[in-house]
Amino acid sequence: MSIKNLDITFKTNAGNIHAIRGVNFDLPRGKTVALVGESGSGKSVTMKAVTGLLDSNCIINSGNIFYNGVDLLTLSKKDLRQKINGQQIAMVFQDPMTSLDPTMTIGAQIMEGMLLHQKISKSDAEKKALELLNLVGIIDAEKRMKNYPHQLSGGMRQRVVIAIALSCEAKVLICDEPTTALDVTIQAKILNLIKDIQAQMGLSVIYITHDLGVVAKVADFVNVMYAGKIIETGTVDEIFYDPRHPYTWGLLSAMPDLETDDARLYSIPGSPPNLLHEPTGDAFAARNQFAMKIDEKAAPPMFQITETHFAATWLLHPDAPKIELPPELKARLERSRKAAFLGDKA
Amino acid sequence: MALLKVINLRQHFKISRSFTVKAVNGVTFEINAGETYGLVGESGSGKTTIGRSIIRLYNPTEGKVFFDGKKISGNLDAATNKMLRQNMQMIFQDPMSSLNPRKKVGDIIAEGLDIHKLYKNLKERQEIIAEILKKVGLSPAHAERYPQQFSGGQRQRVGIARALVMNPKLIIADECISALDVSIQAQVVNLMKDIQDETKCAYLFIAHDLSMVKYISDRIGVLHKGYLVETGTTQEIFSNPAHPYTQSLLSAVPQPNPRVEKNRTLLTYNAENVNYESCTMQQLSDTHFVLT
């Protein structure tokens, strides 16, 4: 799957909100890509465009979303629903409490998609639903089929949601903050589960999250989003051990790792820009301690660092002054590199 | 002397004649003046219930709570009640739903002042509001606005201002940053630390995000199924966790370091056969206790 130059505007009573301002990224087959950013940075909107779930006040100004060579944006809603959603691309939503139907049994919800999309008899569907429940690690699957969502715990419900997503043999799984509503121990289990299933079935996975710990655990490639744009992209190692964009620096420093002992936590000053008023120049300039004059005039293009690593900041321009990383961040990057290499040897 | 003493607190909720939820079972801990005590545990472990029992939103089934040397559980006389309401405040989880949308921010903040009549005239009331707004990083002009005109981080600042205006000795912060974005979380946590340095108030910091808890707390208590399974200084809990549940909890914290993270193994802890009721607290050091 490949997203090219996506540009989306929302029409609201207050005016037009330019939510996505040119997003490009690829999802290689069998790999995991993470979209990281604050709320309002456009990560969920991008994914809604992929699944055709955008609200009616949304206008797609330009862009293509290619999936196996087909541009999803040119398909009708009906085609999208009948051929793509569920069968090719499936979604796991954030909150398992609200994404399941409280009036249907678990079994009926898993079978619903299969019976609609595939020519399959009810007893076969039932058999397959049982298999899926076993696959996602639900004990006593036969009994659970007849349960309603409220009879399950949060972690169990998220497992059921994953089973539903897998029911029509989708090739791409989009996980929108799949574990934010869950406890750490259960979160770790669900992430491991998704990873195992991915390896078994050769899925490609897109994670939408703001938790960098989760990203470190699951992702192969990372896209950092800010104000409707991808501002840094690279492999997970490049983003975590050699970040180049000041916003990525801020995100990394704002999250204490277990070794942080600093008296104060670094926080990115200010709050994200209001996209009602389109920012001129670099959208991050107002919150950037390294901002230069050019940041106010023109938005930086993507500068290439390695074959896979790109960042949109004027600091990478050959004429830009060399800047010194903040000491805490420097110490932290060194610490994490060190830990990583020790971990490799072990 | 400890500012808050919780002794053998039990909180049970009777659901029906035959079914009782035992949310908190015999929890004992202390908070000293000016320190931050972090309570961690999975959902359903009783951490929120403890906070609510302390501030008297629930009536404890058993056990005693002492604040500043005075008993504050059970029936209170008017004077103790008044003292308690002024000295103990709470910051709630969701700043979207914990602020009254029909009141101006200034009036929300001043509600406690109005009730306890802590100002002489309206001018003084305004001054107090302006000062507290500045302290939490908002501007005095914000007092005339309504909560929905603020962003999430700003609203949580209003929640903190409302708690601070009474100049409390103890603030119970129940998951007060989990609804906020990462960069905003850091701002709010820094603010809480600054305020503590200035006013010497104590925090009971309830959260499930262990890395934040480690960052802000002096001492930590780990809850599981309504029992306090381990308590100690932050250093002791993180570098030398004794209880298997604490160990499994720590192994599950995601770390922003991909190579380390991908090689980690998750410790699982099966507590089905453990009967905490027959366990006793063992002392490992002056401050470190574990339930075995």
Side-chain angles (χ1 to χ4, degrees), chain A residues 37-40 153-154 179-180 182-189 191-192 210-219 222 235-237 239-241 247 250-258 260-272 287 332 335-337 339-344 346, chain B residues 40-45 137 150-154 177-194 197 207-216 224 234-235 238-239 245 247-269:
Chain A
E38 287 173 81
S39 22
S153 67
T179 54
T180 23
L182 306 173
D183 283 320
V184 271
T185 36
I186 296 159
Q187 163 173 301
K189 280 184 198 149
L191 294 178
N192 284 341
H210 62 256
D211 188 337
L212 287 168
V214 171
V215 175
K217 195 179 174 75
V218 299
V222 183
T235 64
V236 68
D237 283 3
I239 299 290
F240 279 90
Y241 303 130
Y247 180 65
L251 275 187
L252 277 173
S253 339
M255 195 188 160
D257 59 3
L258 292 177
T260 315
D261 289 321
D262 310 327
R264 281 182 70 82
L265 210 53
Y266 175 79
S267 65
I268 306 171
S271 45
R287 303 173 73 189
R332 184 200 175 110
R335 200 162 57 222
S336 67
R337 277 182 212 138
F341 293 132
L342 289 178
D344 260 6
Chain B
V40 294
E42 57 193 20
S43 34
S45 62
F150 291 94
S151 69
Q154 285 174 321
I177 53 166
S178 44
L180 305 173
D181 265 319
V182 201
S183 69
I184 311 294
Q185 280 187 0
Q187 287 176 11
V188 171
V189 166
N190 280 337
L191 173 70
M192 287 176 70
K193 276 203 149 179
D194 289 346
D197 288 343
H208 63 261
D209 179 354
L210 278 156
S211 45
M212 258 325 163
V213 171
K214 168 167 195 266
Y215 178 71
I216 197 171
H224 187 222
T234 307
Q235 179 73 24
F238 275 84
S239 49
Y245 178 70
Q247 289 164 358
S248 81
L249 204 58
L250 286 178
S251 82
V253 183
Q255 285 186 15
N257 193 341
R259 293 206 186 180
V260 172
E261 187 58 47
K262 279 172 183 154
N263 290 326
R264 262 167 85 201
T265 44
L266 181 68
L267 299 174
T268 46
Y269 172 56

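Here is the naming used below: chain letters follow the sequence lines, and residue numbers restart at 1 for every chain.
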- Hey, are the side chains of A:Val184 and B:Pro254 touching, using non-hydrogen atoms and a 4.5 Å cut-off? yes
[options]: which one forms the most heavy-atom pairs within less than 4.5 Å of chain B?
| options | value |
| --- | --- |
| A:Val214, A:Asp237, A:Asp211, A:Val218 | A:Asp237 |
| A:Ser153, A:Gly213, A:Ala219 | A:Gly213 |
| A:Leu251, A:Asn192, A:Val236, A:Val215 | A:Val236 |

- Separation of A:Gln187 CD from B:Glu42 CD (nearest 0.5 Å):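 It comes to 13.5 Å.
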- Item | Spacing of A:Leu212 atom CG and B:Asn257 atom CG [to the nearest 0.5 Å] | 11.5 Å
- Item | Over 12 foreign heavy atoms within 6.0 Å of CD, B:Gln235 | no
